[in-house]
Amino acid sequence: MLFVWREAFAGLRRNLTMSIAMVITTAISLGLLGAGLLAVRTIDRTEDLYYSLIAVQVALDEPTSAADPDCSSPVCAGLRDELEANPLVSGVEYESRDAAFERFQRIYAGQSILQLVRPQSLPATLRVTMADPLRGTEIVEQFTGRPGVRNVVDQRSTVQDLFSFLGSVRNATFGLAVVQALAALLLISNTIQLSAFTRRTEVGIMRLVGATRWYTQVPFLIEAVVTGLVGAVLATGGLVLGKIFFLDRLLSGRLLANTIPPVGMSDLLLYVAPVLVVVGAVIATLTGYATLRLYVRT
Amino acid sequence: MLFVWREAFAGLRRNLTMSIAMVITTAISLGLLGAGLLAVRTIDRTEDLYYSLIAVQVALDEPTSAADPDCSSPVCAGLRDELEANPLVSGVEYESRDAAFERFQRIYAGQSILQLVRPQSLPATLRVTMADPLRGTEIVEQFTGRPGVRNVVDQRSTVQDLFSFLGSVRNATFGLAVVQALAALLLISNTIQLSAFTRRTEVGIMRLVGATRWYTQVPFLIEAVVTGLVGAVLATGGLVLGKIFFLDRLLSGRLLANTIPPVGMSDLLLYVAPVLVVVGAVIATLTGYATLRLYVRT
Amino acid sequence: MIRLENVTKVYPTSTRPALDDVSVEVERGEFVFLIGPSGSGKSTLLRLLLREDVPNEGNVWVANWNVGRLASRRVPRLRQRMGVVFQDFRLLPNKTVAENVAFALEVIGKPRHTIRTVVPEVLDLVNLAGKADRMPSELSGGEAQRVAIARAFVNRPLVLLADEPTGNLDPETSTGIMTLLERINRTGTTVVMATHDRQIVDSMRRRVVELSSGKLARDDSRGVYGTGR
Amino acid sequence: MIRLENVTKVYPTSTRPALDDVSVEVERGEFVFLIGPSGSGKSTLLRLLLREDVPNEGNVWVANWNVGRLASRRVPRLRQRMGVVFQDFRLLPNKTVAENVAFALEVIGKPRHTIRTVVPEVLDLVNLAGKADRMPSELSGGEAQRVAIARAFVNRPLVLLADEPTGNLDPETSTGIMTLLERINRTGTTVVMATHDRQIVDSMRRRVVELSSGKLARDDSRGVYGTGR
Ligand SMILES: Nc1ncnc2c1ncn2[C@@H]1O[C@H](COP(=O)(O)OP(=O)(O)OP(=O)(O)O)[C@@H](O)[C@H]1O
Ligand SMILES: Nc1ncnc2c1ncn2[C@@H]1O[C@H](COP(=O)(O)OP(=O)(O)OP(=O)(O)O)[C@@H](O)[C@H]1O
Ligand SMILES: [Mg+2]
Ligand SMILES: [Mg+2]
């Protein structure tokens with residue numbers, strides 16, 4: 001047993017630059033995989049966030065908007081009761097013209113569009129939370145054109161753009177991860193073949209002296225697994241750095257702030273990291289095993 | 001000479017998986033470098049685009065806005081003449097309230113904010129093109145609070161967000177490119193060392209029979225350069241695919257449409273590709289040469 | 001102990017068989033010289049005994065193993081009971097002299113302390129006690145050959161195969177090696193030795209099996225090298 | 001042609017010098033046997049002549065080159081004028097027999113058509129005409145040794161060094177090789193041959209230089225192997 005570990009680490013050391021290159025490639029591949037997973041996670045989060053926020057907005061017409069601070073007028077109360085009775089709807093909330101203006105000021109604080117909007121141009125709104133956010137269009141159809149209603153907007157469609165952006169990011173990282181994984185696989189497989197090749201005389205002699213196949217080959221397998229594990233750890237480290245120095249800045253930058261929720265460190269360490277470790281170890285082992293079976297005859 | 005080429009390609013073939021891994025890693029590295037260059041290029045483009053558009057906007061107050069379709073009133077004309085006389089200013093253009101509303105409708109076509117804005121809420125504006133866009137604040141200070149002026153806005157600061165987003169993207173790609181380049185360098189260096197190592201007996205014998213160092217080592221160098229070149233070609237191919245299937249979609253998606261100019265195929269092929277080929281070949285050659293000098297004794 | 005039954009071996013790239021219908025039997029404890037001109041098939045015969053290759057026809061028996069038909073995973077056990085001295089030494093290049101000899105013991109799972117006592121003894125026997133920590137590349141040809149013999153003998157094999165073990169040795173050292181092999185043989189180990197050394201064969205007067213172009217040409221129980229030259 | 005002046009060589013890992021204050025001179029066209037027990041420094045002496053290693057003290061001259069002080073980039077030219085047969089063959093494992101022999105010609109830039117005619121001639125000379133397309137791993141020990149001789153001789157060297165070229169050969173083939181070396185020697189090539197083969201040395205009656213523990217022990221112009229055994 002001691003022999004086996006000694007040989008494995010001798011193998012890694014003997015060819016240090018190769019081992020480093022192999023580890024880096026594996027790490028980048030796993031890192032990209034992790035980035036893809038984070039993107040998926042963020043998409044889920046964003047969907048959660050927006051689905052709880054997303055509502056169908058029933059904007060009321062000018063007279064009602066101007067006169068009704070608490071939805072006590074018969075028109076507004078009627079609409080609200082009807083909405084609340086609808087089985088598609090899980091909740092209804094009234095936002096008066098003044099409340100709407102406050103929210104508007106909050107969201108667009110410091111931006112020039114603020115100067116263009118006055119309270120009078122904003123309608124009062126009934127914000128309808130859907131039991132099933134996907135069926136907002138039914139509410140839109142039902143309430144459009146009803147007395148006291150200015151228009152009905154399903155917010156879902158506007159969020160779709162954001163999702164398609166995040167989807168693109170996810171696809172790009174996964175695509176790169178796959179190509180890079182191919183390189184990592186080839187590298188691991190290759191390093192093993194090379195280890196075996198450079199040591200073929202040695203291993204051949206060992207076999208002639210009576211060593212078993214297992215005895216001579218396990219060191220190569222260990223080399224592969226160690227690579228996979230170290231790669232996963234480095235990938236996680238890289239993602240942590242990437243999160244701190246790139247993602248956090250990007251998502252708190254004003255262009256994307258408040259549209260995409262920040263990526264939490266716990267997502268990274270509790271969800272992505274374990275996946276990377278397992279994937280790294282399993283793939284390295286399988287690659288190593290397959291390589292030894294297929295290519296290493298001695 | 002024939003021998004030399006024969007040996008180089010035999011080397012690449014002998015170790016096909018290794019060569020492929022090496023080429024892929026080099027390609028990804030160069031591809032990321034290319035992506036970074038494209039980001040730089042896009043930032044330049046975006047800056048060009050915005051700097052020609054960016055202006056200091058002098059919004060006129062309500063009476064002037066309502067009454068003056070062509071800046072013929074003394075207040076407006078006075079401001080315009082004064083601006084035109086200012087050495088910081090390269091041009092002044094008048095946009096009446098109606099023209100502003102039209103432009104607004106054009107930009108936000110189909111978006112819900114449109115419903116909130118009426119012509120009356122928009123001011124007429126003097127759009128001031130700066131000779132030096134960086135000194136817009138001076139105009140802001142000079143004209144704020146003047147009679148007939150509602151407010152003065154330097155548009156430059158709002159564009160800054162976009163640039164910091166693009167800058168982040170560029171830094172991230174360059175960062176990844178550097179790490180990946182490290183892997184590629186190590187791989188190239190390593191492959192050469194390995195080629196030399198697996199062939200050390202052979203090369204040793206050749207040297208004993210009277211072969212010169214050059215004769216036995218040039219094949220390794222050619223292996224490296226071929227790798228660099230093939231890597232550069234693959235990287236360019238990958239960028240073309242990335243442009244078509246990812247970037248074009250991303251930039252034409254509604255979230256970023258009209259904010260970032262699309263990346264042209266000519267940028268890719270005439271600006272980025274040659275850089276990649278040169279960088280790939282030069283780096284591979286240098287790595288190969290250094291490796292042979294430093295590590296390959298035979 | 002060793003039995004070849006009508007063994008024929010043809011290498012794929014060769015037209016002429018390297019061994020052609022050879023039948024020989026060697027009893028336990030015998031000492032056999034295998035002679036014949038260059039290319040007559042001596043090394044090939046030894047390779048078949050060690051399962052480095054399999055015969056095209058016929059059976060090869062070593063102890064109770066049908067070597068040619070042995071499952072691959074059984075081969076290590078066979079080899080662990082045999083000791084071999086190769087024509088080209090085949091020492092492990094990255095291990096010292098002592099480690100090379102120790103390796104044959106590690107492979108059969110001998111405990112550390114046994115290895116630590118047995119290896120120096122055996123190195124002493126082949127006159128290499130002072131060179132235990134040398135690497136194989138730092139040995140002269142004859143020294144390397146003696147390391148190979150030490151490794152082949154250290155785990156007390158049933159059968160010891162030696163392919164020209166004195167090929168690179170001066171007459172004196174050769175005599176030493178032969179004394180060693182005789183001693184090993186007296187402990188009950190069957191020894192098969194391929195050689196070109198006329199003097200050794202003539203002076204030892206042991207069984208001589210001669211090959212000629214792959215065919216069994218002679219099998220004398222107390223033979224001499226021959227009449228040529 | 002060859003001159004050693006008080007040459008001493010100590011290997012770093014060794015305490016005893018492998019060559020100890022050796023001075024010898026060999027004239028152009030001579031045939032010299034280098035003998036001595038295993039480990040006496042024969043291979044070391046040949047390695048110094050080929051600049052595989054440099055002496056710690058003294059000078060080594062071959063033709064007009066001061067071998068020990070030659071700049072590295074001049075070494076290939078020296079080696080191109082020498083032919084060497086190594087104790088362990090050192091054939092290029094990925095080249096066929098013919099390619100191995102051709103390589104020594106390619107290195108000195110001989111044109112293709114010359115190579116195509118010369119190589120088969122030389123292979124014929126060493127009796128390997130039928131095995132031109134074999135790989136080295138498919139040769140018997142003696143065959144590999146003959147390929148090595150063919151390669152050493154093919155470019156008509158000034159000096160031919162041979163380290164136990166008959167070590168793995170049967171007496172008949174050995175005689176053939178010696179006839180070949182004599183023929184090469186008669187064309188004017190200086191031959192230095194390290195050997196343990198008493199019969200060959202005794203029958204040829206050429207100059208014998210004997211080493212013993214790295215020291216020059218004997219230098220007879222028409223010597224025999226010695227009195228031992
Ligand atoms: N791997 C191989 N492939 C093809 N032919 C081979 C192979 N190994 C040996 N041969 C051929 O088989 C024949 C017998 O070879 P072998 O090595 O058994 O001879 P040998 O008696 O040991 O000779 P030597 O005394 O020179 O070592 C030779 O003609 C050789 O060319
Ligand atoms: N690379 C080396 N490092 C250390 N010692 C060495 C090295 N090569 C040879 N030696 C030692 O130098 C001495 C002379 O070795 P050399 O190979 O010259 O002997 P030789 O006369 O050729 O012997 P043989 O007949 O066994 O081939 C031996 O004691 C050997 O152990
Ligand atoms: Mg043989
Ligand atoms: Mg020697």
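Naming convention: chains lettered A, B, ... in sequence-line order (proteins, then strands); numbering from 1 in each chain. Note that the structure is predicted; figures quoted are calculated from it, not measured.
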*Could you tell me which of C:Arg77, C:Gln80, C:Arg73, C:Arg81 has the largest number of non-hydrogen atom pairs under 4.5 Å with chain A?*
C:Gln80
*asked:* Heavy-atom count check: over 12 atoms from other residues, nucleotides or ligands less than 6.0 Å from C:Tyr11 OH?
replied: yes
_Is C:Arg151 close to chain A through its backbone or its side chain, or both, or neither, when contacts mean heavy atoms under 4.5 Å?_
side chain
*Going by heavy atoms in the side chains, are C:Met82 and C:Leu50 under 4.5 Å from each other?*
yes
*Verify whether one side chain among A:Tyr271 and A:Ser266 offers a donor that lies under 3.5 Å from an acceptor in the other.*
no
*Are side-chain N/O atoms of C:Asn56 and C:Thr8 paired as donor and acceptor at under 3.5 Å?*
no
*With a 4.5 angstrom heavy-atom cut-off, which part of C:Leu91 approaches chain A: side chain, backbone, both or neither?*
backbone
